[in-house]
Asker: 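Okay, handing you the structure first.
Chain A is the first sequence line, chain B the second, and so forth, proteins listed ahead of strands; every chain is numbered from 1.
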Protein chains: 2
Amino acid sequence: MPDQTDAAAAAETGGIQKVFEALSSAARRKILAYLAHSSLTAGEIADRFDMSKPSISQHLGVLESAGLVRKEKRGQYVHYSIVQESLANTLNSYVQEVCPVSRPLKKESAALKDRSDADES
Amino acid sequence: MPDQTDAAAAAETGGIQKVFEALSSAARRKILAYLAHSSLTAGEIADRFDMSKPSISQHLGVLESAGLVRKEKRGQYVHYSIVQESLANTLNSYVQEVCPVSRPLKKESAALKDRSDADES
DNA sequence: ATGGTAATTAGCTTACAGCCTAAATAATGG
DNA sequence: CCATTATTTAGGCTGTAAGCTAATTACCAT
């Protein structure tokens with residue numbers, strides 16, 4: 001198996017519940033949006049929120065246990081990065097399941113794509 | 001604008017939070033799975049669960065307010081149906097947002113697609 | 001060693017989701 | 001009308017998610 005497919009597989013196999021639960025929080029979605037752009041340390045993430053570091057740490061824990069992010073300790077820092085495969089596969093599979101039709105995506109999506117995720121908080 | 005794009009638009013515009021919150025419950029995802037197959041009355045839905053009718057009614061309310069289902073009163077029955085557009089557009093847009101790469105979907109998805117949604121409860 | 005910075009763990013509080021039962025509303029049929 | 005059935009509303013209980021502060025662990029530098 002290639003690469004970090006472990007996390008992706010975990011999220012898809014038994015973790016649908018955990019994934020959706022993780023995504024149900026605006027703060028966590030915001031974290032994912034940041035990480036989609038680039039990896040960050042726990043502190044850098046916390047700096048972008050008006051929330052205590054322990055709270056952010058907890059959110060990161062939820063995301064990690066859902067297989068949506070990966071952490072790597074480097075020195076005294078902990079770098080977090082997104083696991084795209086996991087999110088994409090889980091959500092795509094789910095849509096296929098519930099909406100078998102699955103049109104490719106309408107025009108609107110293009111517009112939506114532009115809106116920063118930040119303003120959804 | 002075509003069809004019942006209202007609900008879909010609502011879900012996409014301001015309701016991302018509501019949609020993900022709605023999807024965070026296994027019971028509600030199960031309801032959606034049933035409705036994906038065919039429309040049902042509130043009672044028919046409740047019959048499929050080991051849960052009181054008021055509780056199911058509440059779940060249906062959450063799904064409706066997220067724009068994921070539509071209700072139509074016919075006689076003394078209330079028929080619920082899924083709003084595919086809403087779910088598909090919201091989730092697809094979200095995936096595009098966070099995982100710009102968006103490969104079409106790997107082999108695994110086919111396998112996953114087969115598993116009944118029921119056993120995720 | 002000591003002190004400083006990064007991050008997490010522990011412990012506590014509060015708010016609310018989710019479940020239930022009982023009661024209310026609405027439609028149907030005798 | 002009155003009884004019956006379908007569904008929702010009201011009200012209450014309980015568990016837990018999510019936030020905070022204080023304390024701990026881990027690492028680095030002097």
Side-chain angles (χ1 to χ4, degrees), chain A residues 11 15-35 38-82 118 120-121, chain B residues 15-35 38-82 117-118 120-121:
Chain A
I16 299 183
Q17 174 60 43
K18 280 190 175 179
V19 169
F20 277 115
E21 204 169 298
L23 293 177
S24 74
S25 146
R28 287 191 290 262
R29 286 196 307 279
K30 200 168 155 183
I31 291 176
L32 285 179
Y34 282 126
L35 292 181
S38 73
S39 295
L40 296 169
T41 68
E44 288 170 333
I45 295 170
D47 287 346
R48 288 163 168 72
F49 286 82
D50 189 19
M51 197 183 290
S52 74
K53 286 180 180 185
S55 293
I56 294 296
S57 185
Q58 192 176 286
H59 282 305
L60 287 169
V62 172
L63 288 169
E64 194 198 5
S65 112
L68 296 177
V69 306
R70 226 184 42 199
K71 78 161 131 179
E72 187 192 347
K73 183 151 193 173
R74 238 181 283 161
Q76 68 189 333
Y77 296 90
V78 178
H79 293 259
Y80 281 89
S81 54
I82 198 170
E120 96 179 35
S121 45
Chain B
I16 299 182
Q17 173 59 42
K18 280 190 174 177
V19 168
F20 277 115
E21 205 169 297
L23 293 177
S24 74
S25 148
R28 286 189 294 259
R29 287 197 305 278
K30 200 168 155 183
I31 291 176
L32 285 179
Y34 282 127
L35 293 181
S38 72
S39 295
L40 296 170
T41 68
E44 288 170 334
I45 295 171
D47 287 344
R48 288 163 167 74
F49 286 83
D50 190 20
M51 197 183 292
S52 74
K53 286 181 180 184
S55 294
I56 294 296
S57 185
Q58 192 176 279
H59 282 307
L60 288 170
V62 172
L63 287 170
E64 194 199 4
S65 113
L68 296 177
V69 307
R70 226 183 42 198
K71 78 161 130 177
E72 185 192 348
K73 184 151 194 174
R74 239 181 283 162
Q76 68 189 334
Y77 296 90
V78 177
H79 294 260
Y80 281 89
S81 54
I82 197 169
D117 190 71
E120 90 177 36
S121 45

Asker: Tell me the interatomic distance from Lys53(B), atom NZ, to dA22(C), atom P, rounded to whole angstroms.
Answerer: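 Value for this atom pair: 15 Å.
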Asker: Could you tell me how the ring of Tyr34(A) sits relative to the ring of Phe49(A): parallel (under 30°), tilted (30 to 60°) or perpendicular (over 60°)?
Answerer: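 Because their plane-to-plane angle is over 60°, the rings of Tyr34(A) and Phe49(A) count as perpendicular.
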Asker: Here's a test of your reading of the structure: between Gln58(B) and Gln76(A), which maps to the more 5' nucleotide of DNA chain C?
Answerer: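 The 5'-side residue here is Gln76(A).
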Asker: Considering just the side-chain nitrogens and oxygens of Ser52(B), establish if one lies under 4.0 Å of OP1 or OP2 belonging to dC20(C).
Answerer: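 True: Ser52(B) side-chain N/O within range (under 4.0 Å) of dC20(C) OP1/OP2.
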Asker: Within the structure, does a side-chain N or O atom of Thr41(B) lie under 4.0 Å from either OP1 or OP2 of dT7(D)?
Answerer: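 The answer is yes; a side-chain N or O of Thr41(B) sits under 4.0 Å from OP1 or OP2.
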Asker: Check the distance between dG18(C)'s P and Leu60(B)'s CG and give it to me in whole angstrom.
Answerer: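 Rounded to whole Å, this separation is 13 Å.
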Asker: Val62(B) vs Arg28(B), test: side chain to side chain contact (heavy atoms under 4.5 Å, CB included). Steps then yes/no.
Answerer: CA-CA 9 Å; Val62(B) 172; Arg28(B) 286 189 294 259; 3.8 Å; yes
Asker: For dG18(C), does either OP1 or OP2 sit under 4.0 Å from a side-chain N or O belonging to Arg28(B)?
Answerer: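 Yes, such a contact exists.
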Asker: Quick one: CG on Leu23(A) to OG on Ser24(B), what's the gap to the nearest 0.5 Å?
Answerer: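 Spacing of CG (Leu23(A)) from OG (Ser24(B)) equals 10.0 Å.
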Asker: Phosphate oxygens OP1/OP2 of dT8(D): is one of them under 4.0 Å from a side-chain N or O of Lys73(B)?
Answerer: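 Answer no for this pair, as no side-chain N or O of Lys73(B) is under 4.0 Å from OP1 or OP2.
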Asker: Whether Lys71(B) contacts dT8(D) is assessed here as follows: a side-chain N or O lying under 4.0 Å from the phosphate OP1 or OP2. Is that the case?
Answerer: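 For dT8(D), OP1/OP2 do have a side-chain N/O of Lys71(B) under 4.0 Å.
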Asker: So if I take every side-chain heavy atom of Val78(B) and compare against dT5(D), dG19(D), dT8(D), which nucleotide ends up nearest?
Answerer: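 For Val78(B), the side-chain atoms sit closest to dT8(D).
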Asker: Between Phe49(B) (CZ) and dT7(D) (P), how many Å, whole number?
Answerer: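 After rounding, the reported distance stands at 15 Å.
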Asker: With nearest nucleotides of DNA chain D determined for Pro54(A) and Val62(A) from heavy-atom distances, which residue corresponds to the more 5′ nucleotide?
Answerer: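 Counting from the 5' end, the first nearest nucleotide belongs to Val62(A).
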Asker: Identify the heavy atoms of Ala66(B) and Lys18(B) that sit nearest to each other, and give their distance.
Answerer: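 Ala66(B) and Lys18(B) have their closest heavy atoms at CB-O, 3.6 Å.
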Asker: Nearest whole Å is fine: how far is dA7(C) C1' from Leu63(A) CG?
Answerer: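 To the nearest whole Å, that distance equals 16 Å.
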Asker: Would you say Ser55(B) places a side-chain N or O within less than 4.0 Å of OP1 or OP2 belonging to dG18(C)?
Answerer: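 Result: no.
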Asker: Taking atom P of dC20(D) as reference, at what distance in whole Å does atom CE of Met51(A) sit?
Answerer: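 Computing the Met51(A):CE to dC20(D):P distance gives 6 Å.
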Asker: Taking only N and O in the side chain of His59(B), is any of them less than 4.0 Å away from OP1 or OP2 of dA17(C)?
Answerer: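 Negative; the distance criterion is not met.
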Asker: To the nearest Å, give me how far apart NE2 (His79(A)) and P (dA7(C)) are.
Answerer: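 His79(A) atom NE2 is separated from dA7(C) atom P by 8 Å.
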Asker: Using whole Å, what does the distance between atom P of nucleotide dA17(C) and atom CZ of Phe20(A) come to?
Answerer: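 Rounded to the whole Å, the gap is 19 Å.
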Asker: Please determine if a side-chain N or O atom of Tyr80(B) lies less than 4.0 Å away from the OP1 or OP2 oxygen of dA6(D).
Answerer: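 The answer is no; no side-chain N or O of Tyr80(B) sits under 4.0 Å from OP1 or OP2.
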Asker: Supply the atom-to-atom distance Ile31(B) CD1 to His59(B) NE2, rounded to the nearest 0.5 angstrom.
Answerer: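 Atom-to-atom, Ile31(B):CD1 and His59(B):NE2 are 6.5 Å apart.
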Asker: What integer distance in Å separates Glu21(A):CD from dG18(C):P?
Answerer: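 These atoms are roughly 10 Å apart.
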Asker: Specify the residue among Gly75(A) and Ile56(A) whose closest nucleotide of DNA chain D lies further upstream toward the 5′ end.
Answerer: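 Nearer the 5' end of the strand: Ile56(A).
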